[in-house]
Structures are given as structure tokens and as C-alpha cells.
Amino acid sequence: MTSEAPEEEFSIHWIRDVTEEVLKRNAAVFLISTGKSPSGSIHIGIMREIIIADVIKRELVRTGNDARTMFVVDDYDPVRSFPASVSLNLEDWVGIPYSDVVDEFGCCGSFGAHYANELIETFDAFGVNPEIIWTSKLYETPEMQDAVRICLKHTEVIRDIMIEYVANDFNEEQKERYIESMKNWYPASVVCPKCGHLQAGAKGAITPNRITSYNPESDMVSFECQACGHSDEVTLDRLRIKLVWRVDWPAKWHVLNVTCEPAGKDHSVKGGSYDTGLEVSRRVFDWPGPVKVPYEWVRIGGRDMSTSEGIVFTPRVWLSIAPPELYRYLLLKTDLTRAINIQPERIPDMIDEYERFERVYYGVEDANETRRELAQLVYPLCLSGDLSPEYIPKLPFKFATVISQLADILGHEATLEKCEQALKKQYGLEEVPQEAKALIEPRLERALYWVRGYGSERDRIEITEEVSQDVLSTLTDPDREFLAKVVELLHHKDLDEDSLQSAIFEAARGVGIKDRRAFVVIYRILISRKSGPRLAPFISTLGRGWVADRIASIL
RNA sequence: GGGCCGGUGGCUCAGCCCGGUAGAGCGACAGGCUCUUAACUUGUUGGCCGCGGGUUCGAAUCCCGCCCGGCCCGCCA
């Protein structure tokens with residue numbers, strides 16, 4: 001620490017604290033790692049970890065360091081269960097590494113590759129680009145085999161660590177039983193060369209193909225397959241071996257030379273797998289291990305996500321309804337110790353908030369000193385693409401939800417034209433810059449997806465083929481008289497929007513119905529609702545001819 | 001059993017580490033954009049800061065205890 005005035009040095013953001021911690025490692029290349037086993041569709045929770053890593057990397061690079069990120073696909077993990085969406089028969093595959101399980105869709109090399117790729121394909125959109133490491137491949141490297149050897153040679157030490165960490169809060173009886181069970185325990189299992197199983201039994205009753213002995217002199221390993229009964233004794237390099245979970249992690253840290261790895265709360269619990277891994281790093285691999293960055297989970301609609309229970313909100317789904325920057329923003333503004341709860345129905349509000357924040361960064365919206373300072377630090381980290389030197393005006397998302405629903409009626413060109421007009425009006429522009437235009441279509445697409453999937457009834461505009469009977473039955477004679485006048489007005493080509501609006505008021509007065517009533521009648525005929533978007537522009541949006549025909553059809 | 005996070009206006013949350021005026025967004029209500037409006041815009045409303053105790057001149061904020069909600073501790077970010 002160079003500063004001697006700590007009382008002035010309050011961190012303005014967690015990212016500062018974390019990078020400071022990481023920098024203490026003085027690595028030549030800072031490697032920030034993340035990982036996930038591809039047990040099915042991978043939900044957006046993992047993106048919290050991946051983006052945390054990305055943000056740390058960006059900060060390190062910004063401050064002149066060499067830093068990289070990595071995403072480790074744990075496809076060497078054995079199948080424990082399948083989510084309901086998978087049609088494969090669990091009994092056929094349980095206990096076999098994901099990398100050896102068939103891809104039921106036939107597009108990827110394996111089950112593991114399939115679900116990992118599904119996630120990896122969204123990386124670019126979210127602005128992350130970690131190097132991808134496949135554990136199944138990593139275990140084939142001589143470096144990893146050496147790590148396995150080191151672990152087997154340190155079996156005694158590892159047993160001690162396991163007893164110390166795992167049995168820590170057992171009672172005496174449990175502890176004794178555990179110690180007893182550890183007597184002939186080795187920290188590695190074997191993929192049976194005959195049947196391909198790494199372990200036998202399903203969830204709750206798993207028996208791994210543990211190594212039963214290891215001779216450091218001859219490098220001979222013996223094992224017995226719990227699934228098919230095959231047993232053998234061969235040299236280590238002739239077998240596919242996998243270290244047990246709590247040892248597998250530190251071995252990878254060692255082989256890949258990981259400086260820092262974020263971890264969800266389940267792993268980061270005091271005395272949990274992360275801490276065990278760090279202890280293994282120290283006592284077996286003789287180094288401190290990575291900087292631990294614990295973080296809370298991401299929830300969806302107030303529930304935990306769970307691949308196995310099918311509560312899955314994937315990064316791809318996110319991208320279909322919201323910009324990736326918003327997710328990064330959400331993540332950055334939330335303290336690591338706090339859960340992020342995605343509430344899809346609130347996405348339009350969140351987008352508004354994010355875009356206000358964006359305008360603060362560009363100085364086109366007022367804000368106090370703290371907020372501006374925060375924007376300077378955080379906004380660039382939110383971006384998944386390049387930082388634009390100038391503010392690019394964004395079409396208000398809520399406007400997009402309305403207009404995107406009218407696009408079918410309006411036609412593509414007219415819809416875009418409408419959006420450009422809205423942008424011009426909102427930001428007082430002469431011309432809409434090319435960069436802003438480019439954002440319109442994706443925004444419309446997302447808005448439409450959002451409104452269809454998550455919008456409330458209020459948000460949805462439905463224009464029925466025909467005017468419903470319910471609506472027709474409420475029309476009075478003066479209403480019809482009024483409507484006839486409106487049709488006439490609509491055929492007047494020389495009326496601009498304002499004049500049309502005025503003329504409609506006049507028409508209502510002319511036949512003696514109340515203004516309110518006049519509008520209710522028109523909205524009912526158009527969208528079966530008693531209110532809607534400001535009428536004259538809305539009529540222009542729908543097309544005067546179309547509206548005139550629609551009204552005329554019921555008179 | 002061990003541990004973590006949260007409990008602040010109707011809703012979602014900020015503020016708590018650094019004790020001294022309780023904030024934002026949404027909602028609701030009222031107004032503006034012609035007396036209709038879901039965009040945009042102005043304003044108003046609304047909180048004994050979970051409960052009890054302690055420290056202090058002063059506590060949402062620090063300490064202790066409790067209650068409620070969620071979660072982790074075999075695999076799972």
C-alpha cells in the first residue's frame with residue numbers, strides 16, 4: 001500500500017477492492033479463471049462469474065498489466081442426472097463423463113460440448129472472450145498427468161486435509177467412521193477402459209471407481225470398476241484418470257497457473273471446496289493458489305435457478321429480450337455479497353435506468369459528483385463492444401414495445417421511419433446518426449420478444465381482425481354519426497396530425513357527444529380498449545386509409 | 001449443528017464499512033403536451049428504517065440478543 005491516509009481511501013466500487021487484491025500477486029500474466037460443468041442448458045448465473053472475471057481483467061489491462069481470462073468446461077465430470085428436457089435415458093449414461101455422452105441433437109461432439117457451446121456462443125454478445133479449456137482434453141496433457149502423479153504421491157497429506165475440512169463439523173462417531181473410510185482412499189478415480197464409467201450408481205448412491213493402490217516407484221495404478229466389475233493394474237499413463245472434486249480444482253489451478261477465480265457461494269463457504277482447494281494448493285502444490293472472489297447467486301423471479309430442476313433462464317433468452325450491457329450493469333452495480341434477482345417484467349424500467357446512467361457518463365444528463373465518478377469507472381465496464389466517443393441516442397424501450405407491435409400493420413420501412421422521427425423529437429436531432437440507426441432494429445426485436453413473453457396485458461396491443469360484437473353493441477346513434485365524420489376527416493389528405501386531432505374534437509362536439517366518449521369509441525374500434533397512444537399520431541402509425549376502412553366497415 | 005445474505009414509503013432497491021437533513025426508480029394522484037394517451041414531461045403523495053436492549057450529546061448506520069424470510073455446508077455458480 002502506497003497510501004498512508006486510509007481514512008480518505010474508501011473504495012467507490014467492489015471492482016477496485018478486488019483488483020487491488022489480485023495485483024498483490026505480482027504475476028507476469030494475471031490469469032482469471034472461471035468454470036462450469038455442462039450438465040444441461042447452462043443458466044445465466046454463470047455469466048455473473050464470467051463477467052466478474054472479465055471486468056477484473058479489463059481493470060488490470062487498463063492499469064497496464066497483462067491479464068487474460070479463461071473458461072474451463074468441466075466436461076470430464078460424470079453424469080449424475082439429466083434435466084427433464086433431455087430425452088436420453090439416464091441409466092445408459094449415468095457415471096460417464098459428459099465428454100463421452102452422445103449429443104442427442106447431433107450437432108456437437110458430445111453432450112458436454114453441446115451445452116457448453118450453447119453458452120460459449122453468447123460470449124461475444126456479452127463482451128467476454130475467455131480462452132476455452134475442456135477438462136476432458138486437459139487431463140490428456142502431460143502437465144495434468146504430472147499433477148495427478150503429484151496428488152497420488154501426496155495421498156497422505158490430502159487425506160489429512162480432507163479429514164480436517166470435510167469432517168470438521170462431524171460428531172465423534174461420524175468422524176471416526178469418516179476416518180476409517182479414508183484409510184484406503186486415493187484422491188482419484190478411473191474411467192473404466194471396458195465400460196466407460198467413472199462411477200456407478202445414481203444421485204445419492206454413487207460409488208466412484210476409486211484407485212485402489214498406487215505405487216510411486218513403478219507408477220502402477222490398480223482399480224476396480226464399480227459398474228462392470230472390470231479390474232486391472234497398469235501404469236498411470238495408460239489410464240484415463242480424474243481427480244476427486246476437491247483436488248481436481250487445485251490441480252487445475254496449479255497446471256493452468258490461475259491467479260484469481262470467482263466462485264459462487266456454494267463453493268466459497270467457509271471450509272468448503274474452495275478453502276479445501278487452497279489448502280491442497282499450499283500443502284501439495286506448494287503455492288498460495290488463486291485469489292478467491294466469492295459472489296452470491298443470480299435468481300430469476302425470486303427463485304434460485306437450477307439446471308436439474310429445469311428453472312433455467314439462459315444467456316440466450318436474456319439476449320432475446322434485453323441488451324447484454326444491461327446484464328453487465330446489473331452485475332456491476334450489485335455488491336458481490338448480494339443476490340441479483342432478475343425480474344423479466346421489469347426489464348423496460350431497468351433499461352431506462354441503465355440508459356440514464358449512460359447519459360450521465362456522457363454528461364448529457366445531470367448528476368452529482370459521486371454518480372458521475374461512478375459512471376466513469378463503471379460505464380466502460382458495462383459495454384460489450386467498443387466505447388463510443390460520443391453519446392449514441394437510444395430509442396426509448398417503452399416506445400419500442402408499442403411500435404414493435406404495430407410493425408406488421410405499418411410495414412418495416414414505415415416502422416423504422418417512425419422510430420427515427422421519435423429519436424429526432426426526443427433528442428432534438430436534425431439527423432439520426434448512423435450508429436443510432438443501427439440500434440433500432442435489434443431494439444424493436446427485443447421489445448417485441450419482451451412484450452410477447454413478459455409484458456403485462458397493459459403492454460400488449462392487440463388489433464383484432466374484426467371489430468368485436470361487444471364493441472359494436474355499445475355504439476349509439478350519435479357515436480355512429482361521429483364516426484362517419486371521422487371517416488370523412490381521414491380522407492382529407494391535407495390535414496396534418498395536429499389539425500386532425502383538433503378536427504376530431506370538433507366532430508365530437510358537432511354531434512353532441514363528450515370528448516371522452518369520442519376517444520373511448522375510437523380506441524375500442526381500433527384496439528378493443530378504452531384508451532391508447534395519443535390518437536392522431538397513433539392513427540398515422542396505423543395508416544389513415546386502414547383506420548378509415550376499419551371504421552367504415554362497421555357503419 | 002456450522003455459516004452467509006436480506007428485513008428501509010404500495011413494489012424494487014440505494015444509504016450502513018466513514019453515526020449528525022431518510023433517498024431513487026416504479027406505482028398512485030394531479031398537471032403539461034388542445035379537453036383522449038401506454039412515449040415524453042412537471043409536481044404531489046407516501047416510511048415510528050423487523051423487534052428489544054446497549055454505546056453516544058446524537059443510531060437506519062456501531063455493539064449485544066431475538067424474530068421473520070431466503071440460502072449454503074455430498075454433486076450443483
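Every chain is numbered from 1 and lettered A, B, ... according to where its sequence line falls, protein lines coming before strand lines.
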Name the residue closer to the 5' end of RNA chain B, choosing between Thr334(A) and Lys398(A) according to the nucleotide with the nearest heavy atom.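 With Thr334(A) and Lys398(A) compared, the 5'-side residue is Thr334(A).
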I want to verify a distance call: between C5(B), G74(B), C40(B), whose nearest atom is closest to the Thr337(A) side chain?
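In terms of side-chain proximity for Thr337(A), the closest of C5(B), G74(B), C40(B) is C5(B).
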Measure up the Trp245(A) and Trp249(A) rings against each other and bin them: parallel (under 30°), tilted (30 to 60°), perpendicular (over 60°).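 The rings of Trp245(A) and Trp249(A) lie parallel, inter-plane angle below 30°.
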Exercise. Is there a Watson-Crick or G-U wobble partner for G52(B) with both distances under 3.5 Å, and if so, which one is it?
Worked result: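 With both distances under 3.5 Å, G52(B) matches C64(B).
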_Just the rounded figure in Å: distance from C1' of A14(B) to CG of Leu330(A)._
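Nearest whole value for this atom pair: 14 Å.
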Between the side chains of Arg16(A) and Glu373(A), is the shortest nitrogen-to-carboxylate-oxygen separation below 4.0 Å, so that they form an ion pair?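 Answer for the salt bridge query: no.
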May I ask you to decide if the ring planes of Trp450(A) and Phe397(A) are parallel, tilted or perpendicular, using 30° and 60° as cut-offs?
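Aromatic pair Trp450(A)/Phe397(A) classed perpendicular.
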Ring-plane angle category for Trp318(A) and Phe313(A), please: parallel below 30°, perpendicular beyond 60°, tilted otherwise.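 Answer is perpendicular, since the angle exceeds 60°.
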Find every protein N or O atom lying less than 3.5 Å from an N or O atom of nucleotides 68-72 of chain B, and list the pairs.
unit_1 : atom_1 : unit_2    : atom_2 : d
G70(B) : O2'    : Arg299(A) : NH2    : 3.3
C71(B) : O2'    : Lys265(A) : NZ     : 2.3

### Message
Can you see whether Tyr186(A) has Arg159(A) sitting over its ring - NZ or CZ less than 6.0 Å from the centre and within 45° of the normal?
### Response
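The answer is yes; both the distance and angle limits are met.
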Q.
Please report the distance separating the C1' of C4(B) from the corresponding atom of U41(B), rounded so that it comes out in whole Å.
A.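 That atom pair is separated by 44 Å.
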Distance check needed: A14(B) P versus Leu332(A) CG, whole Å only.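 Roughly 15 Å, once rounded to whole Å.
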TODO: May I ask you to say what Ser37(A) touches in the nucleic acid, namely base, sugar-phosphate or nothing, with a heavy-atom cut-off under 4.0 Å?
DONE: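 Result for Ser37(A) = sugar-phosphate.
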| request: May I ask you to say what Gly35(A) touches in the nucleic acid, namely base, sugar-phosphate or nothing, with a heavy-atom cut-off under 4.0 Å? | output: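 Sugar-phosphate, no base atom in range.
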**Asked** Should we count CZ of Phe123(A) as having more than 12 external heavy atoms under 6.0 Å?
**Response**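 Check passes, neighbour count above 12.
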- Tyr98(A)/Tyr76(A) aromatic ring centres below 6.0 Å: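 Ring-ring flag for Tyr98(A)/Tyr76(A): false, centres at least 6.0 Å apart.
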ask   = How long is the line joining CH2 of Trp14(A) and P of C17(B), in whole Å?
value =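 These atoms are roughly 22 Å apart.
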| said: Pairing check on C16(B): which nucleotide meets the Watson-Crick or G-U wobble criteria with it, both distances under 3.5 Å? | reply: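 Answer to the pairing question: none, since C16(B) forms no Watson-Crick or G-U pair.
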Could you tell me whether Arg452(A) atom CZ has more than 12 heavy atoms of other residues or ligands within 6.0 Å of it?
->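 Result for CZ/Arg452(A): open.
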Restricting to nitrogen or oxygen on both sides, can you table the protein-nucleotides 11-13 of chain B pairs closer than 3.5 Å?
unit_1 : atom_1 : unit_2    : atom_2 : d
U12(B) : O2'    : Arg346(A) : NH1    : 2.9

Contact class for Met350(A) vs. all strands (heavy atom < 4.0 Å): base, sugar-phosphate, or nothing?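 Answer is nothing: Met350(A) stays at 4.0 Å or more from every strand.
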Measure from the side-chain heavy atoms of Asp349(A) and tell me the nearest of C26(B), C40(B), C75(B).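 Minimum distance to the Asp349(A) side chain belongs to C26(B).
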Counter-base of C40(B), judged by Watson-Crick or G-U geometry with both distances under 3.5 Å: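 Base partner found: G32(B).
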NA contact type, Val166(A), heavy-atom cut-off 4.0 Å: base, sugar-phosphate, or nothing?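 Here Val166(A) touches no strand at all.
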Whole-Å C1' distance, C48(B) and G3(B)
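Between the two C1' atoms, the distance is 33 Å.
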- Query: Glu20(A) CD to C17(B) P: how many Å, rounded?
  - Reply: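 Between P of C17(B) and CD of Glu20(A): 20 Å.
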Let me know the distance between CD of Glu164(A) and P of G2(B), rounded to the nearest Å.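 Rounding to the nearest Å, CD of Glu164(A) and P of G2(B) are 20 Å apart.
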Specify the residue among Gly264(A) and Glu353(A) whose closest nucleotide of RNA chain B lies further upstream toward the 5′ end.
->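 This one resolves to Glu353(A).
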Does any N or O in the side chain of Lys292(A) come within less than 3.5 Å of the main-chain N or O of Ser268(A), such that one atom is a donor and the other an acceptor?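 Present.
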- How about Asp75(A) and Thr135(A): does a side-chain donor come under 3.5 Å of a side-chain acceptor?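 No pair is found: no donor N or O on one side chain lies under 3.5 Å from an acceptor on the other.
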